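What you are looking at is a predicted structure, and each value in this text was computed from that prediction instead of being measured.
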Amino acid sequence: MLLKLKRTPGIYLVGFMASGKTTIGRLLADELGWSFADVDEDIEREQGVTIASIFDTRGEEEFRQIEHQTLRKRVREVERGKPMVLALGGGAFAHESSHDLLEDNGVTIWLDCPLDKVQARVATTTDRPLARDPAKFEQLYETRRAAYARADYRVEVTSDDPAEMVAAILKLPIF
């Protein structure tokens with residue numbers, strides 16, 4: 001196991017919305033015997049409303065502040081030695097402060113999911129505020145790729161089978 005991961009046992013899954021971070025993360029955590037958390041689920045539980053509602057009533061800027069505070073709480077648990085797989089929201093890693101927070105506190109893995117697969121996954125949902133405008137959605141996807149590319153590792157999402165994606169992560173030279 002990488003020394004970095006031994007010191008701060010955190011695996012942070014980053015990537016665009018609907019890339020499979022939560023589904024794959026739960027399975028990966030189970031496989032490792034680690035805890036799992038999803039930043040968006042934490043936010044909804046703590047705020048008592050949906051992410052979409054926060055975007056609609058308070059705006060994206062306030063949502064990002066809440067997101068960073070929530071992420072910081074989870075990273076503190078990892079810093080105290082609690083092994084955890086954490087699924088980040090699609091925009092979290094694109095913000096410098098979040099990237100800096102994660103850089104020395106575990107390993108980041110980009111789940112690189114093709115645009116057509118992401119589009120198909122969000123086509124029938126209404127709970128993703130940044131997916132409402134297809135043109136802006138595609139532009140956002142392309143814009144965020146540079147931020148995701150800063151992750152420690154990249155795993156291409158080639159399958160809709162989460163077990164296959166977990167197997168790909170477990171083959172990374174971090175364990």
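The CD1 atom of Ile54 lies 10.0 Å from the CD atom of Glu67; values are rounded to the nearest 0.5 Å. The distance from atom OG1 of Thr8 to atom CG of Leu2, rounded to the nearest 0.5 Å, is 10.0 Å. The structure places OG1 of Thr108 at 8.5 Å from CD of Glu103, a figure rounded to the nearest 0.5 Å. With rounding to the nearest 0.5 Å, the separation of CZ in Arg7 from CG in Asn105 is 9.5 Å. Interatomic distance, CD1 of Ile109 versus CG of Leu111, reported as 7.5 Å (0.5 Å rounding). Residue Ile24 holds its CD1 atom at 9.5 Å from NZ of Lys21, rounded to the nearest 0.5 Å.
Taking every heavy atom of both residues into account, Arg144 and Ala94 meet most closely at CG-CB, 4.4 Å. In this structure, Ala18 and Cys113 approach most closely via the heavy-atom pair O-SG, 4.4 Å. The minimum heavy-atom distance linking Met165 with Glu156 is given by the pair CE-O, 3.0 Å. Nearest heavy-atom pair across Leu5 and Gly10 is CD1-O, 3.4 Å. Taking all atoms of both residues into account, the shortest heavy-atom contact from Asp38 to Leu86 is N-CD1, 4.2 Å. Nearest heavy-atom pair, Leu32 versus Phe175, reported as atom, atom and distance to 0.1 Å: CD2-CE2, 3.8 Å.
In the model, Thr70 has no side-chain atom that pairs as donor or acceptor with a side-chain atom of Asp42 under 3.5 Å. A donor and an acceptor atom, one from each side chain of Arg64 and His68, are nowhere located under 3.5 Å apart.
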message: Test side-chain contact (heavy atoms from CB on, under 4.5 Å) on Arg76 and Lys82; report intermediate values, then the result.
response: CA-CA 9 Å; Arg76 278 193 204 116; Lys82 181 176 184 177; over 6 Å; no
task: Any chance you could lay out the salt bridge (charged side-chain N to carboxylate O under 4.0 Å, His left out) test for Lys171 and Glu164, step after step, and finish with the verdict?
output: CA-CA 11 Å; Lys171 288 179 184 171; Glu164 284 184 37; over 6 Å; no
task: Could you give me the CA-CA distance, side-chain angles and deciding distance for Met17 and Arg121, then say whether side-chain contact (heavy atoms from CB on, under 4.5 Å) is met?
output: CA-CA 9 Å; Met17 68 182 85; Arg121 291 176 179 179; over 6 Å; no
- prompt: Are Arg74 and Glu77 close enough, and set up right, to give a salt bridge (charged side-chain N to carboxylate O under 4.0 Å, His left out), and what steps lead you there?
  reply: CA-CA 5 Å; Arg74 287 297 186 177; Glu77 291 180 60; 3.1 Å; yes
- prompt: Between Tyr153 and Ile169, is a side-chain contact (heavy atoms from CB on, under 4.5 Å) present by the stated rule, with each step listed?
  reply: CA-CA 9 Å; Tyr153 297 92; Ile169 292 170; over 6 Å; no
task: List the steps and the verdict of side-chain contact (heavy atoms from CB on, under 4.5 Å) for Phe137 and Val118.
output: CA-CA 10 Å; Phe137 181 79; Val118 170; 3.4 Å; yes
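Looking at Asp152 and Leu172, their side chains never come closer than 4.5 Å, going by heavy atoms from C-beta outward. In this structure, Ile51 and Phe63 have side chains that are in contact, with non-hydrogen atoms separated by less than 4.5 Å. In this structure the side chain of Thr22 never reaches within 4.5 angstrom of the side chain of Asp40, judged on heavy atoms. The side-chain heavy atoms of Ile66 and Glu46, taken from C-beta on, include no pair separated by under 4.5 Å. In this structure, the side chains of Thr50 and Phe55 stay at 4.5 Å or more apart for every pair of heavy atoms. Inter-residue side-chain proximity for Gln47 and Arg58 is flagged as met; some heavy-atom pair is nearer than 4.5 Å. Using a 4.5 Å cut-off on side-chain heavy atoms (C-beta onward), Leu28 and Phe36 make no contact.
In this structure Glu31 satisfies the salt bridge (Lys or Arg N to Asp or Glu O under 4.0 Å) test with no other residue, sequence neighbours excluded. Partners of Leu27 under the side-chain contact (heavy atoms from CB on, under 4.5 Å) rule, at least two apart in sequence or in another chain, are Pro162, Ala163, Val166. Partners of Thr143 according to the side-chain contact (heavy atoms from CB on, under 4.5 Å) rule, which considers only residues two or more places apart in sequence or in another chain, are Gln139.
We find that Arg26 and Glu41 are joined by a salt bridge, their nearest charged nitrogen and carboxylate oxygen being less than 4.0 Å apart. A salt bridge links Arg150 to Glu96: one of the charged nitrogens lies within less than 4.0 Å of a carboxylate oxygen.
With a 6.0 Å radius and a threshold of 12 heavy atoms from other residues, nucleotides or ligands, Glu61 has its CD atom at or below the threshold.
At least one donor-acceptor pair closer than 3.5 Å links the side chain of Tyr148 to the backbone N or O of Gly90.
Checked against the 6.0 Å centroid threshold, Phe93 and Phe16 do not count as a close aromatic pair.
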